[in-house]
Each structure stands twice: as structure tokens, then as C-alpha cells.
2 protein chains.
Amino acid sequence: MDATDRKILAVLQADASLSVAEIGNRVGLSTTPCWKRIQRLEADGVITQRVALVDPEKVGWGVTVFVAIETGDHSGEWLENFATLVSAMPEVVEFWRMSGDVDYMLRVVVPDIKSYDAFYRKLIAGAKLKNVTSRFAMERVKFTTALPMTA
Amino acid sequence: MDATDRKILAVLQADASLSVAEIGNRVGLSTTPCWKRIQRLEADGVITQRVALVDPEKVGWGVTVFVAIETGDHSGEWLENFATLVSAMPEVVEFWRMSGDVDYMLRVVVPDIKSYDAFYRKLIAGAKLKNVTSRFAMERVKFTTALPMTA
DNA sequence: AATGAAATAAGATGCAC
DNA sequence: GTGCATCTTATTTCATT
């Protein structure tokens, strides 16, 4: 992956609706080689998917909560089961296994506070957890799916 | 926004590379009305953008850190300045203003631990902060940009 | 590897109903 | 909403540098 590939990725991370010709213009390539590079980036799994991003407020899922979980001592099998269970919950949009004091970090979206309570009850009903800390977001100051493409 | 719009959004959140005809098939519409709905959803800002998602590991930004920040007592102007400063950092992919014990939550991506240290120094050099807690992610168990489309 | 041209297929867009 | 015409773009091929 060279610098031109990274330029293409930068463009596609910002706007995947552009034509190949336009992307080529922006990175200094004609359409054919630009198209070939994009195909390769997809085949190599560098580009994983193309998605539409939706305004959370406008679809009624405007409440974001960060959930820090300490699972305590559990078997590998238990943890695997826990991961499967939590991953399957559609409100969980991010689910990270952490190092340090917190074992897992979730980002959860819900329509309102009341439905967060419902989620929380589902969560603790499904698994015996040592500690769960919920922190509510007030404002999304920045959110991007674009990774930096400059070293 | 009716149930059909939500179906369209569910499809486009999962795969924005599908043709309008194929999306129509999946939601029970022919191409023209499906296309019109998509145009409207974009015009109304429900769909905010179409982007390519990239594998963080494969582009060398595989380290994710959650940063919880307590700013302490500061003026509104100071906080605004802080928000602008942090938003401009490309490593910061998420930046949330929180309620409760933590004032801000960041999700930061970096190539490696060493570059996180560089980021951290930049962060604390730019603003006088009361407390900064960095938590490192070990594994991305789930990550989706798709919001639930069912009530 | 890239370019430009060109041909074909697929899809987006617009119009009549 | 449907069906169809048209226009744009994606995709592939090829000769050339």
C-alpha cells in the first residue's frame, strides 16, 4: 500500500459516493488505474464495507451511553458466552475488550433514558457482573469513521 | 419516516454499495419509489454521508484508547477552545461531552503505544486538565455504524 | 504500473401513466 | 406507486508509454 492508495482511502472514507473518475482526479490518476486500486483494496480487505451513516437523533436513537464493565473472575467459556450475548444486542454499537481496571467497554445507543434502563436490566440479567458503570453522553462533539491516512 | 424508510435505512447502513433496484427488492418497492425515498432521506439529512470503512490494522492504526477527561472549572470560552483543539486532532475519532464524573470521553486511534504517548503529551500540553484516564483496548469485539431501525 | 480510447454492461435518473 | 426511456457511470479490454 503506497501513498496513492492512502490518498484513495482518505477520499473514500470522506465520501464513498464519488465516481471513480472523480476520485482519480483528486489523487492524480486516470480512471482505469484508480479503479484497479480500489478493487485491490477491497479484495485485500483494506476497505471492509461501504455504508450509509444516519443521524441518530433523526431516527430516534439519540441517547449514547458508555458502559464500563468489570466481569470479575470467570472462565474462558463464560467470557466467550458473554461476548456472544452482548454482541447480539442491537443497542450495543461498540464493544471493546480492555486492559486494566475495566474489562469491557461498551458504547450503547438507545432512544431515551427509560429504554436505557430496560437495556441495563437485560444486560445484568444475562450475566453475573462485578461492576457496571454507565456514563451518559450529553453531546457528540466529534464522530468520524475516517482513520488518519498520513503517518 | 415510515416503516419502509426504516427498512431502506437498515439496508443502506449494512451495505451502501447495493443498487437501488436491489434495495427496492429487499424492502418491497420498485426502483423509482425506492430511489425517491433515498433522495428524500438524503435531502432531509437522515442519511448524512456514504463512506468506506477501513480495517484499522491494515492501515497501521490498530491501537484504540478510551480517554476519560475531567476538565475541572473552566469558562465557557475555555471549553469551546478546548473542543475546537481536540476536534482538530485526527487521532480523535470520537469526542463526547458527558454528564457525571467524567466531562469528556474520547476514543483515540494511534499506530502504537509510543505514538499514544506523543498524542497524550500533545493533549495535556494544549489544555490544563484536572484528570485524564487512558484505557487501552485489547480487542474490538463489535463495531458497527448501524443504528437499530426497529423500535 | 500508468495512460487514453473505446466498447459493453449496469445502474441512476427522469418522464409518462 | 409502475413501467419505460435515457443518461451516466462502472467495468473490461487493448494498444501504448
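Below, read A as the first sequence line, B as the second, and so on, with proteins coming before strands; counting in each chain starts at 1.
Between A:V51 and B:V51 the shortest side-chain heavy-atom distance falls below 4.5 Å.
More than 12 heavy atoms of other shown residues, nucleotides or ligands fall within 6.0 angstrom of atom CD in B:Q39.
Between B:Y116 and B:F119, the ring planes are tilted. Angles from 30° to 60° get that label.
Remark: P of C:dG11 and CD of B:E22 are 9 Å apart, rounded to the nearest angstrom. Across the protein-nucleic acid pair, B:L18 atom CG and D:dT9 atom P stand 20 Å apart, rounded to whole Å. Computed from coordinates, the B:R40 CZ to C:dT13 P distance equals 16 Å when rounded to whole Å. Atom CD1 in B:I23 sits roughly 11 Å away from atom C1' in C:dG11 (whole-Å rounding). Atom CZ in B:R50 sits about 15 Å away from atom P in D:dT9, given to the nearest Å. Regarding A:M1, its CE atom lies at a distance of 14 Å from the P atom of C:dA1, rounded to whole Å. Atom P of nucleotide D:dA10 and atom CG of A:L12 are separated by 11 Å, given to the nearest angstrom. The distance between atom NZ of B:K36 and atom C1' of D:dG3, rounded to the nearest whole Å, is 12 Å.
At a cut-off of 3.5 Å, with distance as the only test, no side-chain donor of B:S134 or B:Y120 sits close to an acceptor on the other residue.
Distances were taken from every side-chain heavy atom of A:S30 (C-beta onward) to each of C:dT3, D:dT11, D:dG1; the shortest belongs to C:dT3. Ranking C:dG11, C:dT3, D:dA10 by closeness to the A:L29 side chain, first place goes to C:dT3. Distances from the side chain of A:V20 to the nucleotides D:dA10, D:dG1, C:dA12 place D:dA10 closest.
A sub-4.0 Å separation between OP1 or OP2 of C:dA2 and a side-chain N or O of A:R37 is present. Considering only side-chain N and O atoms, A:W35 lies nowhere under 4.0 angstrom from the phosphate OP1 or OP2 of D:dA10.
Between A:A21 and B:T31, the residue anchored closer to the 5' end of DNA chain D is B:T31, taking for each the nucleotide with the nearest heavy atom.
Side-chain atoms of B:T32 come within donor-acceptor range of the base of C:dG14, with a qualifying N/O pair under 3.5 Å.
A side chain to side chain contact (heavy atoms under 4.5 Å, CB included) with B:Q13 holds for exactly one of A:V54, A:V59, A:L53; it is A:V54.
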